[in-house]
Amino acid sequence: MDSSAIWTEKYRPQDFDEIKGQDHVVDRVKGFVKQKNMPHLLFAGPAGVGKSSLALVIAKKLFKDQWQENFLELNASDERGIDVVRIKVKNFARTKSISNMPFKIIFLDESDALTKEAQQALRRTMEKYTRTCRFILSCNFSSKILDPIQSRCAVFKFKPLKKEDIYDLIEKIAKNENIKVTDKAKQALFDVSSGDCRKLENILQSSAAVTKNITEKTIYSIASQALPKEIQEILDMVLKKDFINARKKLLSTMLENGLSGMDVIKQIQKNIWQLKLDNRKKLEMIKMCGEIEFRMVEGSDEFLQLESLLADFVLIAS
Ligand SMILES: Nc1ncnc2c1ncn2[C@@H]1O[C@H](COP(=O)(O)OP(=O)(O)OP(=O)(O)O)[C@@H](O)[C@H]1O
Ligand SMILES: [Mg+2]
């Protein structure tokens, strides 16, 4: 395989058993493929957990080497509105499946990006072509999909991957790519990716471009998040009311690791709950993080905002 390939594609699952952590979904879908029949499907879940990958595996299993002619992938948020979707669906659905299957598959990614009206139109389209097509809809939140569409689909909820699945994936890639990933680096990858495999593979690939011996530090600098250790140290200084040193450490951590204010505020927010303070004070601090994050989004000076946050924390801790 081309060594310059993007890992998220290079390591895209090609078979059911390569899709990790979604057994509750995969087992039922396997049944549909075995019977060579399936209802419309709705895949709901966070980014990078295998929704598109499973749709592709279904198509490859059902249609074998003719899968490309029988599988249409559309992105609800790319395509300019439901009309484009409708025309593409119509053209695709008009001709009979060229395999021995009675239907073709239309995969509509990010279907929760469709407006209510567009979803109504989609629902009619689904009904119209039910004889010749099966739809697989993918979304982040099934609650954003109209009930009448949901009730026409078998709904499957995908989950963020668990630690052992993430570790398996890291080990498989590390072996294949000839890189070393320390245990702490694995933990860091798990923390920064929060169960999103695409994010994990991208960070790992960027890290591997820098070094073959990947440590916790590599991961955090690539992922642009301060090492939790350093953020923790800054917060400890704050608790000791040592504003001057906390501020100094914050500045050096940000500069050395090329962190944005947003990276830092997210990391601080994550660490607050572990502080030895009474819960009320922690709540106040979490609330402030939200306020500062908002100001940063609105475009105010990031370091100034973080400084003011540290000052507020010192006052709370006193
Ligand atoms: N469950 C999984 N097991 C193994 N690898 C996975 C899994 N989920 C995702 N991946 C890896 O991440 C890549 C992206 O996954 P995929 O496109 O299936 O995500 P998705 O759920 O469709 O996300 P999105 O909502 O962003 O479209 C895959 O090519 C694969 O390398
Ligand atoms: Mg997808």
Side-chain angles (χ1 to χ4, degrees), residues 1-34 41 43-65 67-68 71 73 107 109 136 138 140 156-225 227-228 270:
M1 196 178 277
D2 180 6
S3 63
S4 67
I6 296 179
W7 288 5
T8 51
E9 286 311 319
K10 187 170 173 182
Y11 294 103
R12 191 183 279 289
Q14 297 300 323
D15 207 332
F16 289 122
D17 58 10
E18 288 174 23
I19 298 178
K20 304 215 172 279
Q22 315 294 351
D23 293 353
H24 59 295
V25 176
V26 173
D27 288 348
R28 280 181 62 199
V29 167
K30 263 188 195 162
F32 296 144
V33 169
K34 206 162 153 208
L41 310 179
F43 291 170
V49 295
K51 301 184 298 298
S52 299
S53 302
L54 181 58
L56 282 166
V57 171
I58 294 175
K60 287 175 187 166
K61 291 284 160 191
L62 282 176
F63 305 116
K64 308 273 176 345
D65 43 1
W67 74 270
Q68 293 187 58
F71 182 78
E73 182 172 354
F107 178 60
D109 214 350
I136 303 178
S138 163
N140 293 135
F156 294 99
K157 302 231 153 105
F158 285 62
K159 301 179 191 156
L161 270 73
K162 293 213 181 71
K163 196 162 171 173
E164 58 264 31
D165 295 320
I166 293 279
Y167 276 40
D168 281 353
L169 196 61
I170 298 172
E171 275 150 27
K172 175 180 156 186
I173 297 177
K175 194 166 164 222
N176 203 41
E177 301 291 336
N178 245 326
I179 50 175
K180 281 212 179 78
V181 184
T182 65
D183 283 342
K184 279 191 170 169
K186 285 180 196 162
Q187 175 69 44
L189 270 167
F190 175 69
D191 288 342
V192 296
S193 64
S194 345
D196 174 345
C197 298
R198 184 184 299 108
K199 193 165 175 189
L200 174 133
E201 289 169 352
N202 284 334
I203 295 172
L204 195 54
Q205 184 168 19
S206 311
S207 304
V210 181
T211 167
K212 298 272 167 236
N213 288 308
I214 298 172
T215 64
E216 186 189 21
K217 196 151 182 142
T218 329
I219 301 297
Y220 280 114
S221 73
I222 295 289
S224 263
Q225 284 193 19
L227 293 165
K270 271 192 194 163

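As the structure is a computational prediction, the values presented were derived from the model and not from experiment.
Between the side chain of Gln205 and the backbone N or O of Ile6, no donor-acceptor pair lies under 3.5 Å. Between the side chain of Lys162 and the backbone N or O of Gly21 there is no donor-acceptor pair closer than 3.5 Å. Checking side-chain atoms of Lys60 against main-chain N and O of Gln14 turns up no donor-acceptor pair under 3.5 Å.
Rounding to the nearest 0.5 Å gives a distance of 6.5 Å between CZ of Phe16 and CG of Leu54. In this structure, the separation between CG on Asn140 and CZ on Phe158 is 12.0 Å, given to the nearest 0.5 Å. Atom CD1 of Ile136 and atom NZ of Lys51 lie 13.0 Å apart (nearest 0.5 Å). In this structure, OG on Ser221 lies 11.0 Å from CD on Glu216, to the nearest 0.5 angstrom. Residue Asn213 holds its CG atom at 9.0 Å from OG1 of Thr182, rounded to the nearest 0.5 Å. Once rounded to the nearest 0.5 Å, the distance linking CG of Leu161 with CD1 of Ile166 reads 5.0 Å.
A side-chain donor-acceptor contact under 3.5 Å links Gln187 and Lys163. A donor-acceptor pair shorter than 3.5 Å can be found between the side chains of Glu177 and Tyr11.
The pair Lys10-Glu201 does not count as a salt bridge, with every side-chain nitrogen at least 4.0 angstrom from each carboxylate oxygen.
Residues Ser52 and Arg12 are in side-chain contact: their nearest non-hydrogen atoms beyond the backbone lie under 4.5 Å apart. The shortest distance between side-chain heavy atoms of Lys157 and Val25 does not fall below 4.5 Å. Put simply, the side chain of Asp15 reaches to within 4.5 Å of the side chain of Lys61, judged on heavy atoms.
Here the closest heavy-atom approach between residue Ala47 and residue Arg198 is recorded as CB-NH1, 4.3 Å. Contact detail for Val57 and Pro13: the closest heavy-atom pair is CG2-O, 3.6 Å. Residue Asp109 comes nearest to Glu73 through the heavy atom pair OD2-OE2, 4.3 Å, listed as atom of the first residue, atom of the second, then distance. Closest approach of Asp191 to Lys270, counting heavy atoms only: O-NZ, 4.2 Å. The two residues Gly48 and Asp196 come nearest to each other via the heavy atoms CA-OD1, 3.4 Å. Annotation for Ser206 and Ile222: closest pair CB-CG2, 3.7 Å, computed over non-hydrogen atoms.
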Verdict with reasoning, Val181 to Leu204, per side-chain contact (heavy atoms from CB on, under 4.5 Å): CA-CA 9 Å; Val181 184; Leu204 195 54; 4.3 Å; yes
Residues Leu56, Phe107; criterion side-chain contact (heavy atoms from CB on, under 4.5 Å); working and verdict: CA-CA 9 Å; Leu56 282 166; Phe107 178 60; over 6 Å; no
Pair Phe32-Leu41, side-chain contact (heavy atoms from CB on, under 4.5 Å): steps then yes or no: CA-CA 11 Å; Phe32 296 144; Leu41 310 179; 3.7 Å; yes
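The number of heavy atoms from other shown groups lying within 6.0 Å of NZ (Lys159) does not exceed 12.
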